[in-house]
Amino acid sequence: MSTSFLTTTSLTKTYPGGGGVKNIDLDIQQGQVTAIIGASGSGKSTLLSLLYGLQSPDSGEVQFKGERVWGPEEKLIPGHDAMKMVTQAEDDLNLFARVRDNIAVLLPNTDLKAKQEKTEKVLQQLKMLQLAEKRVTDLSGGEKQRVAIARALVTEPEVLLLDEPFNQVDTSFRDGLQEDIRQIVKDTGLTVIMVSHDPAEVLSMADTLLVLRDGEIIEAGNPQKVYNDPQYLYTAQLLARCNVLTASEAVVCGIKTQNEHVMIYPEWIEPAGGWRKHWKVKQVLFKGFYEELLLENRGVTLRILNGQSGKYGEGSRVNVKIGKWVEY
Ligand code: ADP
Ligand code: MG
């Protein structure tokens with residue numbers, strides 16, 4: 001029988017103020033990226049710190065390769081030895097030392113050759129060779145974040161825990177860093193668990209997506225499934241700037257429902273021709289290779305995707321074709 005990699009059973013931790021996590025049962029797969037998404041305050045950081053052993057649960061437990069993960073009361077140096085955690089904080093970086101030394105300092109001096117080789121390897125994996133001789137203080141926010149991740153990886157942990165690490169990083173840096181981390185996962189079998197409230201961070205990174213609401217996992221699956229068929233409106237709203245209509249607003253879109261709400265992603269709606277152009281274009285939001293249109297009809301606003309940039313202007317009248325929607 002093969003033991004599970006990283007699991008939790010009925011993991012519960014409640015703070016005196018009431019926040020925390022409740023009855024979390026997880027079975028995290030080795031060599032995958034697992035992303036946990038949830039609103040601010042939903043318990044993401046708490047869950048991560050429990051997995052790592054920085055906090056002890058009130059009840060339930062975390063097991064890594066069949067053994068219980070110890071909390072801070074039971075362990076001299078907090079945090080599981082086979083795991084590393086990166087947060088947004090830069091506190092651990094020595095700003096006035098070179099990038100290379102910030103990374104190498106984490107390795108023992110007992111084998112200097114290995115120390116140099118491992119430092120070189122992680123610099124290469126994270127595409128930082130050209131930054132190696134710079135002082136950390138001279139780096140951009142995104143570059144500093146790369147150093148923090150390199151420091152976590154140089155000791156070759158089995159699990160990398162990321163707590164909204166790309167938050168302060170601008171888009172182009174973020175995409176590159178995400179690609180590099182995914183590549184490391186593929187090449188080395190590293191297991192990554194990341195938490196975020198940002199869809200751009202999780203949708204492209206994750207093999208498995210878990211949705212956390214008020215301390216509980218409410219749905220899980222691969223990102224395509226969770227995005228295309230969200231079981232909760234909460235999930236859709238975390239993952240996209242979706243249209244949420246009440247039942248009476250939905251009627252304006254030609255949708256009759258017995259449920260309270262109708263959710264439609266912008267890309268599920270197409271502008272259409274025909275003579276019944278009930279919708280008025282209120283705003284055109286240029287996005288580069290596509291644009292978003294904000295439409296209005298009888299007090300209802302719709303955000304829709306338009307692939308043919310430049311076709312409509314403010315005040316244009318259009319019809320809409322709604323391909324799909326979900327009712328809640
Ligand atoms: P997230 O990372 O999803 O924003 P957290 O896990 O940090 O959420 O926090 C979950 C809830 O628990 C929040 O309501 C927060 O205020 C509360 N909380 C977090 N840490 C503590 C703490 N050390 N003491 C008391 N309450 C806390
Ligand atoms: Mg947090």
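Ligands are counted one by one from 1 in listed order, and the atoms in each one are counted from 1 as well.
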_If we count only N and O atoms by modelled type, under 3.5 Å, do the side chains of Glu327 and Thr257 hold a donor and an acceptor together?_
yes

*Result of checking Leu209, Leu203, Val202 against Val226 for side-chain contact (heavy atoms from CB on, under 4.5 Å)*: Leu209

*N/O/S of Thr46 less than 2.8 Å from the Mg ion (ligand 2)?*
no

*In the protein, what heavy atom is nearest to atom 13 (C) of ligand 1, and what distance, to one decimal place, separates them?*
Gly41 O, 3.8 Å

*asked:* What protein heavy atom lies closest to atom 23 (N) of ligand 1? Include the residue and the distance to one decimal.
replied: Tyr15 CE2, 3.7 Å

*Atoms of ligand 1 less than 4.0 Å from Ser40 heavy atoms?*
4 (O)

_Thr46: numbered ligand 1 atoms lying under 4.0 Å from its heavy atoms_ = 5 (P), 6 (O), 9 (O)

*Is Arg174 salt-bridged to Asp198, cutoff N-O under 4.0 Å?*
yes

_Would you say atom 19 (C) of ligand 1 makes contact with the protein, given that contact here means a non-hydrogen protein atom less than 4.0 Å away?_
yes

*Identify which one of Glu291, Glu267, Lys311 satisfies the side-chain hydrogen bond (donor to acceptor under 3.5 Å, both in side chains) criterion when paired with Asn306.*
Glu291

*Specify whether the nearest protein heavy atom to atom 26 (N) of ligand 1 is under 4.0 angstrom away.*
yes

*Output the distance between atom CD1 (Ile24) and atom OG1 (Thr7), rounded to the nearest 0.5 Å.*
13.0 Å

_Side-chain touch Thr34/Gln29, heavy atoms, less than 4.5 angstrom_ = no

*Under 4.0 Å from a heavy atom of Gly20: give me the atoms of ligand 1 that qualify, with their elements.*
11 (C), 12 (O)

*Result of checking Val262, Leu302, Val320 against Cys253 for side-chain contact (heavy atoms from CB on, under 4.5 Å)*: Leu302

*asked:* Under 3.5 Å between any N/O of Gly43 and any N/O of ligand 1: does that happen in this structure?
replied: yes

_Where ligand 1 meets Gly19 - atom numbers and elements under 4.0 angstrom, heavy-atom basis_ = 11 (C), 12 (O)

_Aromatic contact between Tyr265 and Tyr227, with the criterion being ring centroids under 6.0 Å apart: yes or no?_
yes

*Would you say Gly38 touches ligand 1, if touching means a heavy atom closer than 4.0 Å?*
no

*Hey, what do you get for SG (Cys242) to CG (Leu233), rounding to the nearest 0.5 Å?*
6.0 Å

*Report yes if some N/O of Pro16 lies less than 3.5 Å from some N/O of ligand 1; otherwise report no.*
no

*asked:* Among all the protein's non-hydrogen atoms, which is closest to atom 7 (O) of ligand 1, and how far away is it?
replied: Ser45 CB, 3.7 Å

_Within-shell test, Ala39 vs ligand 1, heavy atom, strictly < 4.0 Å_ = yes

